[in-house]
Every structure is written in structure tokens, then in C-alpha cells.
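Chain naming here is simple, since letters A, B, ... match the order of the sequence lines and numbering starts at 1 in each.
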Amino acid sequence: MSDQARKDTPQQAEFRDYCRDWLQQNRPAEPPVRLPLSPLEIMTNEQLDYLQTWQKSAYDAGLIGCDYPQAVGGGDRKDCQRIANEEMIRARTPFLPNVIGLGMAAPTVFYHGQQALKERLLPRLFSGEDIWCQGFSEPGAGSDLANVQTFAERSGDKWVINGHKVWTSLAHFAEWMILLLRTDKSHKYDGLSYFVVPIRAALGKGVTVRPLIKMTGETGFNEVIFDNLEVDDSYRLDELGKGWQVAMTTLLHERGAGELQTPRAGGMKSKSTHATNSANLIELARECVRDGKPAAADPLLRDRIMQQVIREAGLAQNQRRARVPALLDHPMRVQLQNKLLASEIAQDTAALALEVEGASASLYMGDEHAPAGGQWPLAYMNSYGMTIAAGTSEVQRNILGERVLGLPKSK
Amino acid sequence: MSDQARKDTPQQAEFRDYCRDWLQQNRPAEPPVRLPLSPLEIMTNEQLDYLQTWQKSAYDAGLIGCDYPQAVGGGDRKDCQRIANEEMIRARTPFLPNVIGLGMAAPTVFYHGQQALKERLLPRLFSGEDIWCQGFSEPGAGSDLANVQTFAERSGDKWVINGHKVWTSLAHFAEWMILLLRTDKSHKYDGLSYFVVPIRAALGKGVTVRPLIKMTGETGFNEVIFDNLEVDDSYRLDELGKGWQVAMTTLLHERGAGELQTPRAGGMKSKSTHATNSANLIELARECVRDGKPAAADPLLRDRIMQQVIREAGLAQNQRRARVPALLDHPMRVQLQNKLLASEIAQDTAALALEVEGASASLYMGDEHAPAGGQWPLAYMNSYGMTIAAGTSEVQRNILGERVLGLPKSK
Amino acid sequence: MAQSDNFGFGEEAALLKESARKFLDDNFPTDRLHALVAGDHTPERMSDCAWEQGLWQQMVDLGWTMLAVPEDAGGVGMPLVAVAGLVEELGRAAFPCPLMATLNSTYVLAACGDTGLPALEEIAAGSAATLAITNRDGSWNVADTDVHCRDGKLSGSAWYVQDARKVSCLLVSAHSPAGLSLYWVAADAPGVTILPDAIVDLTRDQAHISFEQVEATPVSDNALAALHQAMPAIWTTLAADMVGAAEWQLQTTVEYVSTRQQFDHPLGFFQAVKHPLVDVMIQIDQSKSLVYSAACAIEEEPARALQDAHMAKASASDTAAYASGRSVQCHGGIGFTWECFAHLYFKRQKHSQMLWGDAAWHRSRLAQLLIGEVA
Amino acid sequence: MAQSDNFGFGEEAALLKESARKFLDDNFPTDRLHALVAGDHTPERMSDCAWEQGLWQQMVDLGWTMLAVPEDAGGVGMPLVAVAGLVEELGRAAFPCPLMATLNSTYVLAACGDTGLPALEEIAAGSAATLAITNRDGSWNVADTDVHCRDGKLSGSAWYVQDARKVSCLLVSAHSPAGLSLYWVAADAPGVTILPDAIVDLTRDQAHISFEQVEATPVSDNALAALHQAMPAIWTTLAADMVGAAEWQLQTTVEYVSTRQQFDHPLGFFQAVKHPLVDVMIQIDQSKSLVYSAACAIEEEPARALQDAHMAKASASDTAAYASGRSVQCHGGIGFTWECFAHLYFKRQKHSQMLWGDAAWHRSRLAQLLIGEVA
């Protein structure tokens, strides 16, 4: 009996066996192209096709949307997404490309959308046929998200949208966008509303998608410009002026603190992708040479690698403790740390990897001599995306200080 | 020719020779009692007597107050205090006990006091016959110094003072106090005025001095309570309502950024005192054992000790660079860092020393087996006095961010 | 063996933790601690070993000292996670008592097999004990001791013995002709001299102990095996104490900065205060999760026990250091005074930080496990 | 010899520094740098060695490349502090050019005695050069090279050669029958193949160079002595560049956070932004003071040169890492884009951080000097 299986309910145990069998027989072949490090860095149609095919087959097999009702395309199970996730990670499957759809749009639409909308949108979201993106940030609304200025003006049963969103990952592939915008300019928070918008259908007709280039040189992020885009009022989620509350549902799930489990990326690791965690850091240290010896023999590097190992273990055990109420002083205390911790650990691990590499840290992806294919400088730079996006680390610390410790609001 | 001598003016060179000769012939004997680590921790009359005697003889020899005019008891020299300081440090003389008088009261009285007052007060200040203390902080005015509530009410030619000062080092030995108080309750900054007050003469007659105990167990700080103390208007410095500006003169000199050089503590080190800097840390690491070897052989400790060595060197070289305008981007940029840097370096050095000591860091001053007589735990705790007093490190960073980098004022 | 989803921290453990917190809240608020231990403030003071023996006796009567004693030795045999929960509460109260010392002795005795039973039975019957296994250098290598045994008699000295004046029994490691061995000795046996150290920490005491031809009861001829087996539990228990103390530091500091006003705002309004306190919280949570994970692994997944315990103590040492610094700094001038309670925990944490190995020591051992020797 | 009160940084040095800043401000604002080097953004790009050769020629004409060349070799022989001042300005502009490489070669040649003169004269005449002395492992130990010399011909390869495609001459270290020796080789000599590395840093280029039976002019049979003597100046010069780049990072970030509004305030209003930027400033100032102190010591107080230079480079490496991280983080989303200039300096600094030894490497050498070998 496996580690996790010990505590499964009979229903969960049965489902776990099913997942395991199915995954054993249906593990996808090696990808024909180099995969990016995460769904947010998907750059080419070849990458997307491969990953969409995988998501569709996993959905068809019942491994995605497990805990949602059947009416919206779900599996009607109870606390089973977690089981499927564990088994997908165990089987080292590729990640799911529709990550924003699954993790953020699905629970938001589910909790705040009208029934007809849910039934229409969620099945194709789960299957990965419709890729989703998120339109929150704007040039003037980054950390200060409530400052969004994209405006929807009422016009009969329709709304006419104008504005400018930035940092929209996957927008160049997305059918749908979850969109936070303003319907009232006189109130900051209460003037916000929340829509789902079919952006792909509107390309060239009120919607322009322009790629942004990251400091790594990768694309993936986009700007999305709305120029008199008309959308139907039925695409609104929840009441007018309740956009901020709806956005909180989205963000809560983004930070992994929502009730509905997000279908997880699998644990696939092949020569074409590199995970960048401390275990790989140890491997790197064995390969790199420092002062004529393996870097892994250097007491300082050993000490600092262990610091990262311990932080990663602490993060993992936090997740475990989050399920033990008797060991929690505040219900959200551990969960709300996830994003901050995960991003800062990733950043420090990558920075340390560059020190392990020494002179060869100068070599990038195109260099045949670059250790680990030049992935560590890439990972280090991308880590700033993590500490900046979806609430900078500074904003995360405000949230933790105010919501968990109860300290006075800074602003 | 010595290092410093090379760049001396002829007057400075002559003065340096004089200092050196005099110090060679007049170096004081070993102290009869254990000396504290700094003047602010003087606890007993025996300690004070020894140190006052030394200050008096140094003053009589012309090594103190060198750059002040003769009329106020000074030496009428130009840029010579620095020379005397260097030679005292070189000769490892004891420190000067009237440190608040010399470093803070003297320049403030000199720049803001009436001539008669200067002539009366400064000679006995320089000689150390009158010890001075500083009455700035209050229970409700720590970092927010301008919030002082001690109030002086006009009564003819007199003022009647009521209030409560805290953290007044040396108050139990002091004849005089520099006192920041309020003469107008309707304006925060412009309601402040600045006095010199003869507190010793008023003990029991409007002034009460009560010792505060530090977390180390040492005394040294005091509370001073004013209960209808009458003082003459001639003890006021500068105009009514200009107290904040006068206090800035004091603080500028406290942070080592004033024009008038502060006579420096010497460099005396004997078995009865311990300096706590990185050189001593290296000695400690040679003596302490870690895993069966000297701690000084441990690569991690070596690395961290070097970090402190480098920071100390950077601080010292900052002082040197502060005198080279072509290498300064902002006139106050380096000077305003002194207090913050010095206190944080001292704190980190002491914290590291405790790790060097390992299990024996548990042993305190009364333990015969304590490394270095238990001074490092003492120094570590006292370092929090340094990062808290005279503007916490947090306030220092605000000052640097706002005055030097020009960032918007946080409040 | 599989790891429990909930660390094996069940209802009984939760009840024990809750009742311990209530007992200490009711009976031993921090002002009582201060009044008890902070009477003499002079830096040169000798440690005076002040403790509340009445409260301690109540704890013994509640069975807390026998929780870790196996059932076959007359104990309760609670899982280590439950014990960790209890110790976390004692750390939060900084309660001066020999519980941790007794637990440590228990773990070692339980690793000795049958020959440890008589001593365990004494502990189950209410005796307190402590380990005397450290040498003059304060080495955390369990093979290092300055005590020797010849002809059944102990000579030499043991150092850094925790709470020696609060216990009735000593578990001593000594070099004997058979190798490193363990002995059970009454604290007041002839030839035993307990020499208190003058330590910084006011909430504990510490001593070095001289042995002169002391008659001792042999417990084990294979001390190395027993000590190696017990150390993970010892580190984890201490880490639990530190996590509890750090939580006290966090909560009291949060309270202070929420009320203390400067610049027309509570201090906690300022990010320079708020964010470091968030970092204290984050560190505590990491350490706490690692403590329960280690406690669970020791019983449920022995292959991970050693590495998880190294992680727990390394993490707790860093947390204790950081939480202590911030607790004093954020209290400002008040935090620097003897009358403020912050220094009691500051000093306890500094003591704990180095005890049984500091963070770097544990990380170096962890690196041996995870990376190994590299040429 | 005594240390100058002002680091020996006199009027001439101040003028040079000022004129360099003006020259670069006028001729090479950062948008020009971005347009020059950031054309191809793909992560797999090859380095294309874009630089402004016209501006470089002006610099050569201004005499900047011969500043460190001794007067007896036809150079200017400015004190090293003056050179550091110039390099600080080039670092601030992140100007892609072989000045540092040429300076480094100059220092080594000047340490070779008379046999270095002919090559120095070439540099004084306007030739640019670079050091090819590093092995495949990127070892910063000067004894390590993968090039050999037999019968006066070089074979093997040199790695991590800086700006090789911008110079006409190479100063190569090689194992020869006489020991480690130095050779002067034309970059386009037969048998020399320059293989560009695809590096992260867009403002520099780097290559490994293969030597196949290359005819070379011997410069010194005692390369170890010359390299050891020159390294302090090499480290200090690089540290000066890093300090200048860090100052650019600080100033542009301060500008950004002073204007960018969030939550109804400029970002710099918030202590979570303000205080880290203050820490960047503090680190820069430490490194800068140490750079000039080292530059001064190298000429005025040789006994301190080695330790001061280790301090300067160790400090600058830490400063560069911290300043780079904060510059991107405080720029927020914008800072994470290719169009923002922050990444140009971020990448240059990461390159510099590891070049000629990272902070830990320098501190380990410093410890050897200040603590020594301890049993």
C-alpha cells in the first residue's frame, strides 16, 4: 500500500487504483519538441498541441475536474482531484497547459457564474480545448490591482469595453479571458465588475493581442488591448460592482488556498525539461568544478544547498500541516504563505545554482558547454516573474501581516 | 614619518609631535577597576574617577577641545582635534568619560548658546569636571522624537519644567543635561525649544534620577523626572520654538557628521576591557573548539568572519572617502550611514561570536569558564541598544532614503 | 512504513496540547516567570536555579514526564508528535523545569533495550533525569565525553548538563574498557559534585559535574548505538520548545507594535516593522512543520528520521535567532530593558540555538546524508 | 609606505572621471546601448559582439587605453585610483569595449619587467589585448591553464576569455618546460581559433580559444609571479566597473520608484521599497570605498594590496548581486521585460559577480591571509 493510500476513503482508494492503472497504460510519449519550464512559457503551437492532446485524454479519462458536478462536465466525486494529482505527479506526466483555466477561471466561473454559462464553458475548459487567460493587471494597476481602469460602458444588453491589460500569459492561444474591469469610475473597489470574454473570436474586432518579451528573451506574456469590444451582459459573473469579491475567489485559488483542488502539473522530467529545485542543485554541484574539486565538496556550498533543501522541505510539510487543524494557529496562516515562499525559495535556489556554476554561469541556452543546458540563468531570471507577478512579495507580506497577524493596514 | 603625518599641514605636524611626546610621557596607569566597554556603561564612582582624572589631564595638556576658540576654553587650533584623536588611539589611552558632553553638548552649546553661557560651561565640559547627559527620548517619544511632551511653562524670567525623560545615559553622574522640550502644545515641530539644565544641583528639588536596568543586567541608563523644576531663561539655546533645529545640530554631531571633531575614545585595551570587533573575533575563533578543531579552521566560520572584516573595513574606508569630494555623489551620503552601519556590524559580529563559542556561548560574565570573560553575550545584547537608541535602524533607513536618495517621505 | 497524512497527530495529542496550554496559561503567566527568575540582574550573578516545584509536581502527577516512557516500562507511550505538542507549549511558557532533560534521558534509555528498563521505571514513577554526555569543548558528537569508567567507578567531568540541579538522576556516558558505555547515577551519589554554570539564560540552569570514583549502575555497553538512535528525538524535542518560544516572541511583539504609537500610527503600520514580523512567522511555520514531520518520521518512517530531525533543529535554530532579534528590536527601547519580558525568551532561545548543535552543525550532517562525502 | 589620506585621488583623476562621465553621457545613453545589443532576444541566440567601434577609437585617441601603461613604455602611467575612476564610469554606462581586458593585460605585462615592454608599447600605441589564462573549469587559480607550449608553439585551449573578438592581441599563459610562462600572440595568428560563447550578458562577449601549434612571442618565464602581482589590480578594476554599474542600477530604480504610483503613492513611499534601496546604497558605498582603498594600496602600500583587493572584489560581488535583484524587483512587471534597460545591467553584473572569483572565493583567500592555515 502506498504512502498516501493508507488514509484514503474507500471511494478515494478505488479512484486511486483506477488512475494508476490508466496512467500506466496511457502515459504519453516523449514530446517531439523541447517543452518549456511551465505552461506560462508555452511559445509554439507544437508545444501547445502536444500538451492539449495530453490534457484532453486525461480529461476524457476522468482525471480532471473530478470534484465538480457532472452537469458542468465534472466527475461528481468528493475530494478526489487530490488523488488524481498525486498519481499524475507520481507517473511524471507532462503538465496541463490550461493552467489558468483550471486553477483560476474554473472555480471563479463555478462559484460566481450563471448555471447556463457554467455548463457551456467548463467542459471545454477541463478538456483543454478552450485555453483561458487572465486579464487583471494593467500598466497602472500592478500591485495596486483595484486601480484597474479598463472600462465597460453599458449599451442596452451589451457592454462596450475599452482598456489595456498586460502580463496576460497564454493570451495568444486563449479562447477566453477572465476580465476584471471597471463599470463605475466613482468608487475604487465597488466600481469593479467581472466578466468572461471570448477574446479569440474577437481578434481584430475589438481585441488586439501583442506579445511582450521577458528579460529572459522568452515570449509568453502579452498585452491585450480592448477597443470598443462589445460583449453580452450574460458574460458577467456575479452582480455589478462585485468584481473585487469575485477577483478574491480567483486569487485565493491562485494561491492554492481555495476549496476546489486545482488539477496539478505532473512531474514529467526528461532531458528536454529541467526542474529547478534543490535536488537538481545537488546534481549540478556534483558536476561543476570549484577550485579543482566538485562544487559538492565545498563546505560553504554544501551548507547553502542544505538551507534550500530545508526550506523546500518546510514548504512541503507546511502543506501537510495545513490539513491538521490542531496544529494551526490561524486557518489561513500557512496557505497564504505558499506563493511567497515558493517563489522566494525558487529564486534563492537558482541564485545559488549560479554560484555553483561559477564562471560557467555566464553561458546561456544557446551554448553547448552551458551546465544543464543553460537552464539555471533562465530559471533565475524567471524567478523574478514569480516574485513580481500575482502580487509582489512585498504585497504578499502586507497581506500576511494584515490578514494573519492582524497588524494595521499600511495604506 | 608616520602614515598620517605625511599629509599634515606644518601646524598639524608640530601638534602631532607634541601630542605624541606628551602621550608617551603621560600614559595613565592601568585602571584599578574593570572598565566598562564604553562611557555609557560607567556604573561606579571608581570607574568614573579614574576616567575623569584622565580626561582632565588630557585637557590640561591641550588634547581636548583643540579646534574651539580660546575664549570658551578651546585650543584655538585648526583641524587639530583629528590629530589628537589619532594619537590618542595610537597610544591606546582610555576613553573619555564625558562623551555626551564632548560629542553632542559642546557643538550644540557652541553653535546655539549665548557667549556668556559658552564661556561658563564649555571649559568644565572639556576638562570632564562637569559630566553631561542628554534629555531627548521620552516614553512616548522614541523614534518619533518630535513628539516630546516634557513641557516648560513661562513664569516671568523663568521656566517651570514638568516631564519624563528616559534612556538618559550618565544622568546619575551628570551636572548638566541638554534638554529638548515643548514650549507650545499647538505645533509639533515648531513648538519645541532647547535648554541646558543643571540637573545635579536640582536633585531632590524638582529633578529625580532613577536607574533603568538593561537586558544585560547592567545599569547606566536612567529615567529623569522633572517636577516643577525652575530654570532661568538664559539657559535656553537659540530662539523659542527653534528646538528642533538645535536638536538637529546635536544629532548631526552624534552621527559623526558635524564639522567640529569629537574628541575620540582612545584605543586602550587591557585584560580588564575587551573590544568586540572582528579582530577579536578571529582571536576568539582560534581559542574556541568546534568539532574537535579550532573554530578558526571551520570554512563556514572563516567565511562569515571575513564578511564582518570586510564590512568593518568598508566602514573605515567610508570615513576616508568622506574626505574626498570627487568620490562622493552626495555630500551626506556616506556620513549619514555611520551610525546604522556601525551598529549593525557590531550586532552581527557579536552574533557570530556566539556561534563561534558554540555551547560555551551560554556562559555569562560570572562564569570562570566563559570565553573572553563572557563579554560576547554582553556585547551582543548591548548591540540592540545601538540599533535602537539615537534613531532605530528603521528610522535611519528612512532618513537615508529620504534625505540622500530623495525618496518620498514615508509619513 | 508510510507517513501519516496528519503526522499521526490525533485527538489525544490535540487534547494534551490544549490542556498543557491551559494549565500554563492559568498557572504560569509570564509575569510570574519574570518574578521567579529575574530577581538578580547583575551580569556577574550566579545562576540561582529558581523554579516552581509545586507546579512541576502537578505536571508529574498529570503524567507528563512518563508520556514518552514505553508502556512496558510503566509509561504512557504516547507518540512523539504528542510529546512535541506538549513541549511546544512548555517552550511557549518558557517554564523552568526538567521535562526536556527527562525526556532526553527517556529517549536514550528506551534505545538501550532491556537494560534500560529499571531506569525507565524510575522515570515512570516520577523521577526526573538529565543527560551528562557532553565534554568540556561542548562537542555535539556523541562519542565525545570526558568521563571514564574503571572498575565500575566513574571519574572525570561532564559539561553543559542541562537542569542538573532539578533532577534526581543522571544518565552518564563514559569511556569504559567495553567501549563507550552508559551509566545511571543518583545526582546526590557520593563523589558527584554539581558545579552550576553562571549562564545567560534565566529560565534554565546548566552545570558541569565532576565525578570522583562514583559508583554507577551500568545501563548499556553500546552507548553509541543508543545515543545515535535517540538523538533525532532529542533534537526534535528541543526544536519543538524553540518553536513554542518563538511563537510567544511573535505574538507578544505583534501585540506591542499594534498598540505602541509613533509618528501618529501604531508601529505595526510601518512595513519596516510589519514585514520582518511576517518573516518571523514564516520561519516559525517552516520550523513547526519540520518539527512535526520529524517527530512523525522517527516513529513511522525511521529511514527519514535522522535527516528530518537535522532539518528541524537547523531550522529551529535559525528561527530562534531571527525571532529573538526582531522581538527585541521591534519592542524598541522598552525591549532593551530588564523589566520587559522579551529578554527572558531572547536568552532562552540563544541557549537553545547552540544546544545539541547549532544550525550549521546540523546542516553539515544533513549534507553528509544527502550529498555524502565528495572527493 | 604610507597611505594617502585621499586615496591619492587627485585633481587629474577627478578631471578624468568627470570627462569620462560626460563623454559617455553625451555619446552613449542607455537607449543606445539597448538598441545596440538587444536586437535578438531569443534565449538560444548566439552572441553577436555588437559594439561601437567609432566611440572606442575616440577613447583610444583620448589615451584611455594607455593610462595604466608605464611612462617608460610610452604610456601615461596614471595612478590606479585614476584608472578605477575611469572604469567606474564605463561600468555605469555598461559600455561594451575591451578597455578592461586591455587594462588587465597591461597590469600583467607591467609585472613582467623588461620583457613585457614590447607588448606594452603596442598597447600604448593603441592595440587592445585580453588575457587568455583560464582553464575549462573556470578556475581562478592563476596556475591553472589548459594551454601548453612546446618548441615555442602553443597548443590547447583557453576559456572564459573576455571580449576576445574586440582585441588584436592575446596574452596567454601556458605550461612550458620552464614552468608557467606568458606569451604574446596576435588574435588572428595562424592556428588561433576564437570560438564565441553564447552568454547571458549582452554588454560583453566571451570566448574560448583554441590554439593549434601557434607561433608565440615569449613574454615571461615566471608567469606565476607576474600574475600574482597583477591580480589585485585586475580584481580592483573589475570591482570598480561593478560599483559603477550598481550605481546606475540604484539611480534608475530610485527614479522609477519615485514616479511609479501604486496605492495612491509613489512606490518609494513604501518602506518595503525604500529600505532595500537604502541597503543597496550602503553596499555600493562599502564596495566603492574598498575599491579606492585597494587601488591606493596597490601602489602606495603593497603589503596591504592583496588583502584589500580581495575585500574589494568580494564586496563588489555581493553588492552586484543584491543591487541587480532589487533593481528588477523594484521595477515590478516592467523590470521583467526585455524593453526595460534593467536586464542589461542585471546580466552584466551576474557575469561580473563570478568573473575572476566570486565573493566566497575571495573571502576564502582573505581568510588565508588574515587567519592562516589552522590545524
> Are the charged groups of D/Asp5 and B/Arg320 less than 4.0 angstrom apart, N to O?
Replying inline: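 No, D/Asp5 and B/Arg320 are not salt-bridged.
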>> Looking at B/Arg311 and D/Asp285, is any side-chain nitrogen of the basic one under 4.0 Å from a carboxylate oxygen of the acidic one?
In response: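 No, D/Asp285 and B/Arg311 are not salt-bridged.
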>> Quick check on the interface: out of B/Val334, B/Leu400, B/Asn318, B/Leu328, who has the most heavy-atom pairs with chain D under 4.5 Å?
In response: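 Most pairs with chain D among the choices: B/Asn318.
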> Can you tell which of B/Gly401, B/Ala296, B/Pro325, B/Ala322 has the highest number of heavy-atom pairs within less than 4.5 Å of chain D?
Replying inline: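 The option with the most such pairs is B/Ala296.
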> Where along residues 245-253 of chain D does a heavy atom come under 4.5 Å of chain B, listed by residue number?
Replying inline: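 The list, in residue order, reads D/Glu247, D/Leu250, D/Gln251.
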> Which of the residues D/Val257, D/Leu267, D/Leu370, D/Asp318 is involved in the greatest number of heavy-atom pairs with chain B at under 4.5 angstrom?
Replying inline: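 Max contact count across the listed options: D/Leu370.
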Is any side-chain heavy atom of [X] less than 4.5 Å from a side-chain heavy atom of [Y]?
| X | Y | result |
| --- | --- | --- |
| B/Gln396 | D/Val278 | no |
| D/Ser258 | B/Leu407 | yes |
| B/Val404 | D/Met281 | yes |

>> Test your reading of the model: is there a side-chain donor-acceptor pair from B/Arg333 to the backbone of D/Ile282, 3.5 Å cut-off?
In response: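 Checking the backbone N and O of D/Ile282 against the side chain of B/Arg333, no donor-acceptor pair under 3.5 Å is found.
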> Sub-3.5 Å donor-acceptor pair from the side chain of B/Arg286 to the main-chain atoms of D/Ile371, do we have one?
Replying inline: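 Yes; at least one donor-acceptor contact below 3.5 Å.
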For residues [X] and [Y], report the shortest heavy-atom separation together with the two atoms involved.
| X | Y | result |
| --- | --- | --- |
| D/Phe269 | B/Pro408 | N-CG, 3.7 Å |
| B/Lys409 | D/Lys274 | C-NZ, 3.8 Å |
| B/Ile310 | D/Ala314 | CD1-CB, 3.8 Å |
| D/Gln286 | B/Leu315 | NE2-N, 3.3 Å |
| B/Glu394 | D/His275 | O-CE1, 3.4 Å |
| D/Leu290 | B/Gly314 | CD2-N, 3.7 Å |

>> If you count heavy atoms of other groups shown closer than 6.0 angstrom to CD of D/Glu18, is the number above 12?
In response: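 No - once you tally the heavy atoms of other residues, nucleotides and ligands closer than 6.0 Å, there are 12 at most.
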>> Taking atom CD as the centre, does D/Gln261 end up with more than 12 heavy-atom neighbours from other residues, nucleotides or ligands that are less than 6.0 angstrom away?
In response: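 Check passes, neighbour count above 12.
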Engaged part of [X] at the chain D interface, taking heavy atoms whose separation is under 4.5 Å:
| X | result |
| --- | --- |
| B/Ile282 | side chain |
| B/Asp298 | neither |
| B/Leu340 | side chain |
| B/Leu341 | side chain |

> Just one of B/Gln319, B/Arg321, B/Gln317 clears the side chain to side chain donor-acceptor pair (under 3.5 Å) bar with D/Ser289, so which one?
Replying inline: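 So, applying the side chain to side chain donor-acceptor pair (under 3.5 Å) to D/Ser289 and each of B/Gln319, B/Arg321, B/Gln317, only B/Arg321 qualifies.
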>> Is D/Phe7 close to chain B through its backbone or its side chain, or both, or neither, when contacts mean heavy atoms under 4.5 Å?
In response: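 Contact with chain B is through both the backbone and side chain of D/Phe7.
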> Checking heavy atoms, do the side chain of D/Glu255, its backbone, both or neither come under 4.5 Å from chain B?
Replying inline: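 Neither part.
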>> Quick one, D/Met311 with B/Val309, criterion side chain to side chain contact (heavy atoms under 4.5 Å, CB included). Give me CA distance, side-chain angles, the key distance, then yes/no.
In response: CA-CA 9 Å; D/Met311 289 191 195; B/Val309 165; 3.7 Å; yes
>> Return the CD to CG distance between D/Gln271 and B/Asn398, rounded to the nearest 0.5 Å.
In response: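 Separation between the atoms: 4.5 Å.
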